Each structure stands twice: as structure tokens, then as C-alpha cells.
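Computed from a prediction, not measured in an experiment: that's the story for all the values here. In what follows, chains are A, B, ... by sequence order, proteins preceding strands, each numbered from 1.
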Number of protein chains: 2
Amino acid sequence: MATIYEVATLAGVSPATVSRVMNGLRVSPEKAELVRSAAAKLKFTPNRTARTLRRQNSEVIALLLPDIENPYFTSMARGVEDAAQAAGFSLVMCNTDEDPSKEARYLDIAVSENMAGVIIAPASDHTELTQLLERGRPVVAVDRSTRYDVDAVMMSNRPAGRDAAQSLVDSGYRRIACITGPEDIETAMERAIGWRTAVEAAGGSATSDLLRFSTFRVDGGRAAMEDLLASAEPPDAVVATNNLMGVGALQVLTERGLTPPRFGVAVVGDLPFTTLSPAAITIVRLPARHMGTTAARMLLARIEGDAEPAHTVVLRNEVVPASLISGATAGR
Amino acid sequence: MATIYEVATLAGVSPATVSRVMNGLRVSPEKAELVRSAAAKLKFTPNRTARTLRRQNSEVIALLLPDIENPYFTSMARGVEDAAQAAGFSLVMCNTDEDPSKEARYLDIAVSENMAGVIIAPASDHTELTQLLERGRPVVAVDRSTRYDVDAVMMSNRPAGRDAAQSLVDSGYRRIACITGPEDIETAMERAIGWRTAVEAAGGSATSDLLRFSTFRVDGGRAAMEDLLASAEPPDAVVATNNLMGVGALQVLTERGLTPPRFGVAVVGDLPFTTLSPAAITIVRLPARHMGTTAARMLLARIEGDAEPAHTVVLRNEVVPASLISGATAGR
DNA sequence: GTGAAAGCGCTAACAG
DNA sequence: CTGTTAGCGCTTTCAC
């Protein structure tokens, strides 16, 4: 592992000159060439650890996600990555698994590795960002907000829940249930509130017997759906407030022959790998990838020194009503 | 950002003692307590960059994946993460996007960040691991092999392709096509060979007009399926050699009303987020998560100093024939 | 334009 | 058991 000193010796210059060449600072063309060929001969790769220690700043940004297995988040990750790469930053992803302690650990690493910035979908509303912020590291919250004054990119959660429920109302369903995520997760609550708003505005019932809290995963959706169907007065339609719960609910319904439109289904979030085609399902699309690129751009601007007051960007959802879905659009 | 020196001063000890306390080395209980409370007071977090520079070794391992949006790989990632966390290592994931240059960049980072080890599903068979290996960093290949003498964990690719095709043969299909990934990706070729073996053993035709190479993605599966259906003598069944291609193929078939079992479908890889239930599809399950934990354990052993000759573990697939699939099992 | 030298924060001999 | 000291490899004033 060649160091800058070995390159310097071989090139007959000082280490400082090697450093300058590696960083594109002004150096005489001859010496620059000398350095470059010496570096090539020694297969020299600058040691980022040393550089980071010296500069107090690395060129990698971290993305902390609560569930790496959820396509919603990986799609967002792609967005972040594209923007980061374009700006010369590398992206490392960490799975917090909705676990505040795992999350704290990764935040710690981000701090102590001097990472340039962090984009985080917080695992809880108690997420501790002080360390990062005190050290002047920019942070952008995605999907869920924090109690700090940092930039954020959110989905229009209430409208999304409302739109989902409204499309079911419009289709004539009478008892519209809602399956949502944990009560302490903002997106879960907000989308549920949207559901309630639409249902009540239509004169329907949005009482707690039609609302289920569960995990934001497939099994959570399954359990909640089964529970709803087993209730005294079962619903005739359901809003699932995230993609995976939607999948779980649909699985249960399909197993029981209650395929849409016999039973109304509206899902908040895309169903990227579904194989059902002209299905009678309403999808409220969430621009996850766009959320990623937006967040990355905001973070990069902060890294470049942008000192504007923090602001929150809310991304609008897009409704794809049941009738319009086709296999082709469900594909992407 | 407090340093070890400030903690030392506040505690009235030397920096070395602080370091010893932070690393669990033998220190008198009184001083240890002094240090601990000083550290707490200053909210001291050890600087990993400095530690890594000094130790020439960090406590994070890298996982390089060709497609972070593919559930097969994220499932593997979960496996790696579980094992890594259990051993006190943190995991950072990088998306190489099947792009050798992106991959090279992340490998470079792994080297120059002194990461403890790397698990990689190589983007190409020309992936350059020399730098890592020269520095003594352990590497484990997953899913695809490399031209280096490193540990590896593979799926039983030919058997998987063969089992998929065989199940279609057993169901009585006559013209069984195969949709597979890029020719330069090992898993794509191997599974296709497995398909050919089974089809030919059954006296069928496995000529190139029944074989399509495409990307290992949903759109790749769609394109290939459409192409096959448009051919002069269309097949009556198809083997998709990965999960996403399977989804794409199923979408096209569903759109055209050719739902299984009217058209035979066998997919290599799980369909985690599918909503079709008692579907007549054969799934050849690939233990992705298990692959992840196995690879992580092998890597960790190397990090601990294991110097055995490199070896390759091949994980056996599991066939779930069409008739047995139900919504319940498709769920997980 | 270029070199010498001082550190970034930590760990690991080496003494004591 | 504990302090002193010398770097890990790089960047960056500060002189020349």
C-alpha cells in the first residue's frame, strides 16, 4: 500500500507536491507528470482515512433506512444515489430496522467517520441528531419528520390517505376500513387521518372498529386484514396505508376469493412487483425516487455551504384509480 | 467535539489511560470511573477515523450489491446484517448498479477506508479485487464467482434452472422457453444451461429460438416475454431465471389472458411481494437470506484470522411446484 | 511553484 | 497499572 511519501521519493518531489497533484492544485506540468506516472507505477490510492482525519470531512454520505427490504425505501435510495454520484459523493446505506438503538449506532458511525452528511428516515420521533448537528453535519429527514430544525422531504400523507379512501367512496363502497402502521409512526397516523376525513365527509363511519394498527410489513397487512374480516360487521373495502400492508391485505382477500372489485382495495404506495394486471385496485402513487433525489440535492447544497433556514418540501402523490390500472402501468 | 485529550485533562489522567478505558483494557477501577464520567460529561465519542488510521482496520464491513432494488439482494443484505451486527460489526451497503466502474469506485473506498472486509456480488467477471487482497482484506463472493481464490457462497444455479424446467415438463408442457439475464452473468448462463438440460432430457427442443437474454429486471422479463410470444412458433411455457424477470413475464401473460396454467410458468427465485394466490406457478426458492448469513460468517472468520484455504459453499434451492403454492406461502 | 513541518485524534510500544 | 512518545497518511499553512 503505497503512500504519498513513496510516490514523492520515486517522483523526486516532496509529499506536498504529490498531495497537490492528487487534489488538482496548481503544480508545474513537468512535476505533475512525474507524480502521475510514479503514482501509476506504485498503484497508489490515496488513503481516505488519513485524508478524512486531516480534512475533518469525508466524501461519503449516509442514508439510514428503517427497512431495506421495502421497495419504497430502496427506490428512494436509488434516487439519493443518482444525485450523490452525480456530485462526486459516494453513498452508503444502513438498515436501522425500525430499531432506535441500531439507528443510534449508525448515527454514531456517521459522526465519527466524519461523513459529509446524513439523510435519514427516522426510526422514531426520539431520534437523537444533536451530535451530528453540533458538529455542523447537515441532515435531511425523509418520509418522516424529526423534532429538529432540519431540512425535510415528506409525502403528502393526509391527502394520500384521503385520496385512497375517496376513490373507494366514489366506487360506492359503504364500509371502508383502514389498515395502517404503528401508532408512533407519523406516516401511519397521517394517512389514517386522511382516510377518516374522506370517509366521514362522505357520511360514512370511520370508527376504531374499522381501523387497525399493525407493522408496516406484509405480515402486518395480512394479520390486520384477517382481523377485519373476522369482525362482527366486516368492511366491504379497505385502505392500506403502505405498499407492503397492501400486499398482505390483497393476499388474504385473494385467498378468500374476495378479489377486487368484490372487495374494494386502495393502497398508498406503489406495488412494484405485482403481477395482477387489469385489477380493480386504486394505487396512490408516492414518488419515492423523486423524494430521494430531492433530499440528496438539499443535502448537497448544505454540504456546499448553503445556510438558508431549514425548509420542508412536501411531495404530492398521484392517484391511479382502479379503472385505469393495467398490467403495463403496474409494471413500473 | 471532545477528544481523548480533553477527557484526559478533565479526568486527571493521561490520554493513554482514556484510550485504555475506551477499549476495555486493564485500568484501575477508580481511574476508569473518573474517565467514564469525564467522557460522559463531555459527550465524548471516539473518532473512528483516527482510530482506523492508527489501527489500519475499521469495524465496518461493506456489502456491494448489483441492484439494491431487487428483493433477492436486499433479503441477502438482511442476512449479512444480522450476522455482522451479532459480531459487533456494522454494515454499509453500496449499490453498484451492475456497473463495473461504480463497483470499482466502491471497492476503492473499501480499501482506502480500511474496511474490515467486503462481501460482493460482482458486477462482472473482470471485477478487480487485487487491491483489497494485497492489503490482506478478506473478501467473500456471493451469488456470482470471481476469478480470484476467495471464499464464495453460490446458489445451485444449474439445478435451479433444471428443476424449474423439469416441473414444467412434468406438467406436460411441450415448448418450454427460457428467459434469462445477460450472457456475461454467470447465474444467467448457468440457470439457462439447467433449463436446456432438463428440456433436452425430456426429448424437447431447447434451441436458441426459445432462449432470450435480457436484463435481470422487470422490463427485461416483459420485453423477452413479448418477444417470445411474437415469434413464429410461440412457446407454451417459460422458465424465468430470476424473480424480477418472472414478474415481467407474468405481467405480460396476465395482460394477454394467458394466465397459468394456460401458459406454464416457472420462476427461479422468490416472488416476495406477489399477490397472486393459488396460482399455478412453480417457484424455485433461493435461500437469499441464508446466503447472506453464510457469507457474513465466512467473512467474519477471516477477519478473526482464519487462514484455511478458500472454499465455496453451494446453497441448495428448494422447489415449490405449481400445485402447492398458495397465497399463504407466497406471502413470505 | 515547491518544500519543510506541524498536526488531525487515536493507539501501542516502551519505560517506569 | 500508567504516562510518555511516536507515529498511522494526508493536507495545509508558512517560508522560500
**Report entry** Polar side chain donor-acceptor pair, B:E113 to B:S58, under 3.5 angstrom
**Finding:** no

Report task. Take the protein atom OH of A:Y5 and the nucleotide atom P of C:dG3, then report the distance between them rounded to whole Å. Result -> 13 Å

**Report entry** Closest heavy-atom pair and its distance - A:E69, B:R78
**Finding:** OE2-CG, 2.8 Å

Query raised in the report: Of the nucleotides D:dT4, C:dC10, D:dT12, which has the atom closest to the B:A16 side chain?
Result: D:dT4

**Report entry** Spacing of A:F44 atom CZ relative to D:dG9 atom P, expressed in whole Å
**Finding:** 10 Å

Requested in this report: Could you please spell out the steps behind the salt bridge (Lys or Arg N to Asp or Glu O under 4.0 Å) verdict for B:R302 and B:E308?
Outcome: CA-CA 9 Å; B:R302 295 293 178 186; B:E308 297 289 302; over 6 Å; no

Requested in this report: Report the distance from atom CG of B:L42 to atom P of C:dG9, rounded to the nearest whole Å.
Outcome: 14 Å

**Report entry** Shortest side-chain distance from B:L53, nucleotide among C:dG3, C:dG9, D:dC10
**Finding:** C:dG9

Query - Whole angstrom value for the distance that separates C1' of C:dA12 from CZ of B:R54 - result: 5 Å

**Report entry** Contact check, side chains of B:L244 and B:D67, non-hydrogen atoms, under 4.5 Å
**Finding:** yes

Query raised in the report: Mind checking whether B:D151 and B:L299 have side chains closer than 4.5 Å, heavy atoms only?
Result: no

Query raised in the report: Is B:D82 salt-bridged to B:R289, going by a charged N under 4.0 Å from an acidic O?
Result: yes

Query raised in the report: Mapping A:A50 and B:R55 to their closest nucleotides on DNA chain C, which lands nearer the 5' end?
Result: A:A50

Requested in this report: Examine D:dT11: is either OP1 or OP2 under 4.0 Å from a nitrogen or oxygen in the side chain of A:Q56? Give yes or no.
Outcome: no

Requested in this report: Considering just the side-chain nitrogens and oxygens of A:S14, establish if one lies under 4.0 Å of OP1 or OP2 belonging to C:dG3.
Outcome: yes

Query - Value in whole Å for how far the C1' atom of C:dG9 lies from CG of A:N47 - result: 14 Å

Requested in this report: Would you mind classifying the nucleic acid contact of A:V13 as base, sugar-phosphate or nothing, using non-hydrogen atoms under 4.0 angstrom?
Outcome: sugar-phosphate

**Report entry** Length of the line joining B:R135:CZ and D:dC8:P, which is rounded to integer Å
**Finding:** 15 Å

Report task. Could you check if a side-chain atom of B:L91 sits within less than 4.5 angstrom of a side-chain atom of B:V80, using non-hydrogen atoms only? Result -> yes

Requested in this report: Round to the nearest Å and state the distance from A:N57 atom CG to D:dT12 atom C1'.
Outcome: 15 Å

**Report entry** DNA chain C-proximal residues of residues 19-40 of chain B, any heavy atom under 4.0 Å
**Finding:** B:S19, B:R20, B:N23

Query - Nearest-Å distance for atom pair CZ/P, residues A:R51 and C:dG9 - result: 18 Å

